[in-house]
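Values reported hereafter were calculated over all heavy atoms of this structure, with side chains retained and with hydrogens, waters and symmetry mates removed. Not measured: the values here are computed from a predicted model.
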Amino acid sequence: MKTLTKPRTSRESKATLPQARAAKAAMSEHLRSIAPDAAVGLTRMGKGYAVKVNFRTPLAPQTLKNLQPKTQGEVPVLMETVGKISKS
(Lines give C-alpha, C1' and ligand atoms only; values in the text may rest on other atoms or scores of the structure.)
Protein backbone atom coordinates (compact mmCIF):
# COMPACT_ATOMS: atom_id res chain seq x y z
CA MET A 1 0.00 0.00 0.00
CA LYS A 2 1.13 3.53 -0.68
CA THR A 3 1.80 5.84 2.26
CA LEU A 4 0.44 9.34 1.66
CA THR A 5 2.43 11.10 4.37
CA LYS A 6 5.66 10.29 6.10
CA PRO A 7 5.15 7.55 8.69
CA ARG A 8 6.04 8.00 12.35
CA THR A 9 9.80 7.86 12.17
CA SER A 10 11.49 10.81 13.80
CA ARG A 11 8.37 12.93 14.23
CA GLU A 12 7.30 13.81 17.73
CA SER A 13 3.91 15.02 18.87
CA LYS A 14 3.23 17.06 21.96
CA ALA A 15 -0.54 16.87 21.51
CA THR A 16 -2.54 15.74 24.51
CA LEU A 17 -5.28 13.13 24.32
CA PRO A 18 -8.09 15.74 24.63
CA GLN A 19 -6.50 17.80 21.81
CA ALA A 20 -6.23 14.68 19.65
CA ARG A 21 -9.85 13.71 20.32
CA ALA A 22 -11.03 17.17 19.29
CA ALA A 23 -8.86 17.04 16.15
CA LYS A 24 -10.23 13.58 15.31
CA ALA A 25 -13.81 14.87 15.52
CA ALA A 26 -12.98 17.84 13.30
CA MET A 27 -11.18 15.63 10.77
CA SER A 28 -14.05 13.13 10.69
CA GLU A 29 -16.50 15.94 9.95
CA HIS A 30 -14.19 17.36 7.26
CA LEU A 31 -13.82 13.98 5.53
CA ARG A 32 -17.48 12.94 5.68
CA SER A 33 -18.35 14.35 2.24
CA ILE A 34 -14.90 14.05 0.64
CA ALA A 35 -13.95 10.47 1.54
CA PRO A 36 -16.87 8.70 3.24
CA ASP A 37 -15.00 5.39 3.39
CA ALA A 38 -12.13 6.87 5.42
CA ALA A 39 -11.50 5.51 8.91
CA VAL A 40 -10.30 8.15 11.38
CA GLY A 41 -8.57 7.20 14.61
CA LEU A 42 -5.85 8.18 17.03
CA THR A 43 -2.30 6.90 17.30
CA ARG A 44 0.64 7.52 19.58
CA MET A 45 3.44 9.62 18.17
CA GLY A 46 6.35 9.85 20.55
CA LYS A 47 5.02 11.08 23.89
CA GLY A 48 1.90 12.64 22.32
CA TYR A 49 -0.92 11.75 19.98
CA ALA A 50 -1.77 12.14 16.29
CA VAL A 51 -4.85 11.67 14.13
CA LYS A 52 -4.54 8.68 11.76
CA VAL A 53 -6.68 8.55 8.61
CA ASN A 54 -6.89 5.28 6.69
CA PHE A 55 -8.36 5.12 3.17
CA ARG A 56 -9.67 2.01 1.43
CA THR A 57 -8.75 3.22 -2.04
CA PRO A 58 -6.28 5.82 -3.29
CA LEU A 59 -7.74 9.29 -3.69
CA ALA A 60 -7.55 11.29 -6.90
CA PRO A 61 -4.43 13.52 -6.86
CA GLN A 62 -6.47 16.76 -6.85
CA THR A 63 -8.65 15.52 -3.99
CA LEU A 64 -5.59 14.49 -2.04
CA LYS A 65 -3.91 17.85 -2.64
CA ASN A 66 -6.96 19.71 -1.30
CA LEU A 67 -7.40 17.33 1.59
CA GLN A 68 -3.99 16.68 3.04
CA PRO A 69 -3.37 18.81 6.12
CA LYS A 70 -0.17 18.09 8.03
CA THR A 71 -1.85 19.14 11.25
CA GLN A 72 -5.32 19.65 12.68
CA GLY A 73 -4.69 22.48 15.11
CA GLU A 74 -1.54 21.37 16.91
CA VAL A 75 -2.22 17.66 16.33
CA PRO A 76 -0.27 15.91 13.53
CA VAL A 77 -2.35 14.14 10.86
CA LEU A 78 -1.10 10.94 9.21
CA MET A 79 -2.85 9.62 6.10
CA GLU A 80 -2.40 6.24 4.47
CA THR A 81 -4.10 4.06 1.88
CA VAL A 82 -4.46 0.69 3.58
CA GLY A 83 -7.01 -1.22 1.50
CA LYS A 84 -10.09 -2.87 2.97
CA ILE A 85 -10.84 -1.64 6.47
CA SER A 86 -12.20 -4.16 8.95
CA LYS A 87 -12.21 -4.84 12.67
CA SER A 88 -9.53 -7.25 13.73
Identify the two heavy atoms, one from [X] and one from [Y], that lie closest to each other, and give their separation to 0.1 Å.
X: Y49; Y: L17; result: CD1-N, 3.6 Å
X: D37; Y: T57; result: OD2-OG1, 4.0 Å
X: A23; Y: V51; result: CB-CG2, 3.7 Å

Check your understanding: Would a distance-only check, ignoring hydrogens and angles, find a side-chain to backbone donor-acceptor pair under 3.5 Å from Q19 to V75?
Key -> no
Apply side chain to side chain contact (heavy atoms under 4.5 Å, CB included) to the pair K52 and V77, showing each step before the final yes or no. CA-CA 6 Å; K52 178 76 187 305; V77 176; over 6 Å; no
With side chains defined as the heavy atoms from C-beta onward, is the minimum distance between [X] and [Y] less than 4.5 Å?
X: F55; Y: M79; value: yes
X: R21; Y: L42; value: yes
X: T81; Y: R56; value: no

To the nearest 0.5 Å, atom CD of E12 lies from atom NZ of K47 at 7.0 Å
Taking distance alone, no hydrogens or angles, what donor-acceptor pairs closer than 3.5 Å link side-chain atoms of residues 24-36 to residues at least two apart or in another chain?
residue: S28; atom: OG; partner: K24; partner atom: O; Å: 3.0
residue: E29; atom: OE1; partner: R32; partner atom: NH1; Å: 2.7

